[in-house]
Amino acid sequence: MTYCVGMQIDKGLVFMSDTRTNSGVDNISSFKKMHSWDVEGDRSLTLLTAGNLATTQAVIGLLDERSKQPSERDPSIFAAKSMFQVATLVGETLKEVIAKHGHPQTGKGAGTKFNATIILGGQIAGGESRLFLIYPEGNFIEAGADTPFFQVGETKYGRPILVRAYDASMSFEEAIKLLLVSFDSTIKANLSVSPPIDVHVYQQDSLKGGRKFRIEADDSYFSELSNAWGIGLREALRGLAPFNFD
């Protein structure tokens, strides 16, 4: 399974994704779910993928191929003049890939087996940084003040933390700390989500790839954060007004 988050704050965008794609006693594998395209001074684009691995890899492969050999029928993400156009192109590519696995005449019948969901974020010169959630049908929604972050994959365990603690004015460091707590809660609750965790920080108006790094399972800060969060929760629980049967 998967857990990926794209978050919009005043300073820019923060992306985080795990790398677990399968789980079991003797069947564990990891694949990168974060993909970026950068042209310094012109655009920075980042995709986070969840769902069928063959589908998401095909989408990334087509976007890469068409960026190198674009045509009128298959335009390049580098030719799009706005983030909205990029979201439309990615959505159409995702829909195309899923349809190929369906009925040979109608494109139907694949059901949910080949479905995938994508988070797209970035900025193109002349526009603001934007964040989108793209569905298997190819349509999408955009983040805003009321919905400043998107999650895909195993979203339920880490969402309450983000909802309660998110602040648009937070620094990149604070945003990463918040997301890591969300990931830690998800990892503790679900075996199908696991480090390494990939991180990308995009600074508003930089128009270039930002800090990109990976947090391994044995990372000392992540371990310290996880332990401190557990202790803090227990202390907070003890500090609440006691329940009384009467």
Side-chain angles (χ1 to χ4, degrees), residues 1-28 30 33-34 48-51 112 115 117-119 121 131-133 135 141-201 213-246:
M1 196 52 184
T2 297
Y3 184 41
C4 301
V5 184
M7 178 178 287
Q8 194 172 51
I9 59 176
D10 293 342
K11 295 182 181 298
L13 302 169
V14 183
F15 304 93
M16 192 172 287
S17 65
D18 83 317
T19 53
R20 175 67 58 87
T21 58
N22 211 342
S23 61
V25 176
D26 60 353
N27 186 17
I28 297 175
S30 296
K33 303 168 189 175
M34 181 183 297
L48 305 178
T49 61
T112 60
N115 278 357
T117 310
I118 294 174
I119 294 174
L131 186 68
F132 299 89
L133 177 62
Y135 297 106
I141 58 175
E142 183 174 1
D146 294 329
T147 308
F149 59 84
F150 288 131
Q151 303 165 277
V152 291
E154 288 292 344
T155 62
K156 55 187 176 290
Y157 305 107
R159 182 173 179 79
I161 295 165
L162 301 180
V163 171
R164 285 178 175 270
Y166 172 83
D167 182 351
S169 65
M170 65 175 59
S171 67
F172 284 127
E173 291 83 357
E174 291 169 331
I176 290 172
K177 180 169 66 174
L178 172 61
L179 288 174
L180 284 176
V181 171
S182 177
F183 269 71
D184 177 65
S185 297
T186 304
I187 290 167
K188 287 287 194 296
N190 196 310
L191 181 64
S192 69
V193 179
S194 174
I197 298 169
D198 289 324
V199 184
H200 178 206
V201 174
F213 55 94
R214 174 168 284 192
I215 296 173
E216 301 288 348
D218 60 354
D219 182 84
S220 59
Y221 175 75
F222 187 51
S223 298
E224 180 183 346
L225 187 74
S226 176
N227 292 334
W229 179 247
I231 293 170
L233 283 176
R234 290 192 290 272
E235 291 179 348
L237 183 62
R238 284 193 291 268
L240 293 175
F243 173 80
N244 193 316
F245 279 107
D246 297 328

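Predicted model only: the values in this text are computed from it and were never measured.
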In Å, rounded to the nearest 0.5 Å, how long is the span from CD1 of Ile176 to CE of Met170? 11.0 Å

Min side-chain heavy-atom separation Thr49-Lys33 under 4.5 Å: yes

Which atom pair, heavy atoms only, marks the closest approach of Met7 to Leu131? N-CD2, 4.0 Å

Looking at Phe222, is its backbone amide N or carbonyl O close enough to the side chain of Ser226 to form a donor-acceptor pair, meaning the two atoms are under 3.5 Å apart? no

First locate atom CZ of Arg214, then atom CE of Met34, and finally report the distance between them rounded to the nearest 0.5 Å. 9.5 Å

Do Val193 and Tyr157 have side-chain heavy atoms sitting under 4.5 Å apart? no

One should read off an interatomic distance between Asn190 CG and Lys156 NZ, to the nearest 0.5 angstrom, of 6.5 Å

Arg20 side chain to Leu191 backbone, donor-acceptor under 3.5 Å: yes

CZ/Arg164: more than 12 non-hydrogen atoms of other groups inside 6.0 Å: no

From CA spacing to verdict: side chain to side chain contact (heavy atoms under 4.5 Å, CB included), Leu233, Trp229: CA-CA 6 Å; Leu233 283 176; Trp229 179 247; 3.4 Å; yes

Test item: Ser185 side-chain N/O and Val181 main-chain N/O as donor-acceptor pair under 3.5 Å: yes

So do Phe149 and Val163 actually touch side chain to side chain, heavy atoms under 4.5 Å? yes

Please assess Tyr135 against Ile141 for the test side chain to side chain contact (heavy atoms under 4.5 Å, CB included), listing each intermediate value before the final yes or no. CA-CA 9 Å; Tyr135 297 106; Ile141 58 175; 3.4 Å; yes

Are any non-hydrogen side-chain atoms of Val201 and Lys11 less than 4.5 angstrom apart? no

Criterion side chain to side chain contact (heavy atoms under 4.5 Å, CB included) against Phe183, the qualifying member of Ile161, Ile197, Ile215: Ile197

Reported CD-to-OG1 distance for the pair Gln151 and Thr2, which is rounded to 0.5 angstrom: 13.0 Å

Measure the OG-CD distance between Ser169 and Glu174 for me, rounded to the nearest 0.5 Å. 7.5 Å

Might you point out which heavy atoms bring Ser182 and Tyr3 nearest each other, and give the distance in Å? OG-OH, 2.7 Å

Donor-acceptor contact present, side-chain Asn227 to main-chain Ser223, <3.5 Å: yes

Between Pro195 and Thr19, which heavy-atom pair has the shortest distance, and what is it? C-OG1, 3.8 Å

Looking only at heavy atoms, the pair that brings Leu133 and Phe150 closest together is N-CE1, 3.5 Å

Heavy-atom nearest pair, Val5 first then Leu179, reads CG1-CD2, 3.6 Å

Distance in Å, Ile9 CD1 paired with Tyr166 OH, rounded so as to fall on 0.5 Å steps: 7.0 Å

Look only at the side chain of Ser17 and the backbone of Cys4, and say whether a donor-acceptor pair between them is shorter than 3.5 Å. no

Within the side chain of Asp18, is there an N or O that forms a donor-acceptor pair under 3.5 Å with the backbone of Ser194? yes

Return the minimal non-hydrogen interatomic distance between Glu154 and Ser192, and the atom names on each side. CG-OG, 3.9 Å

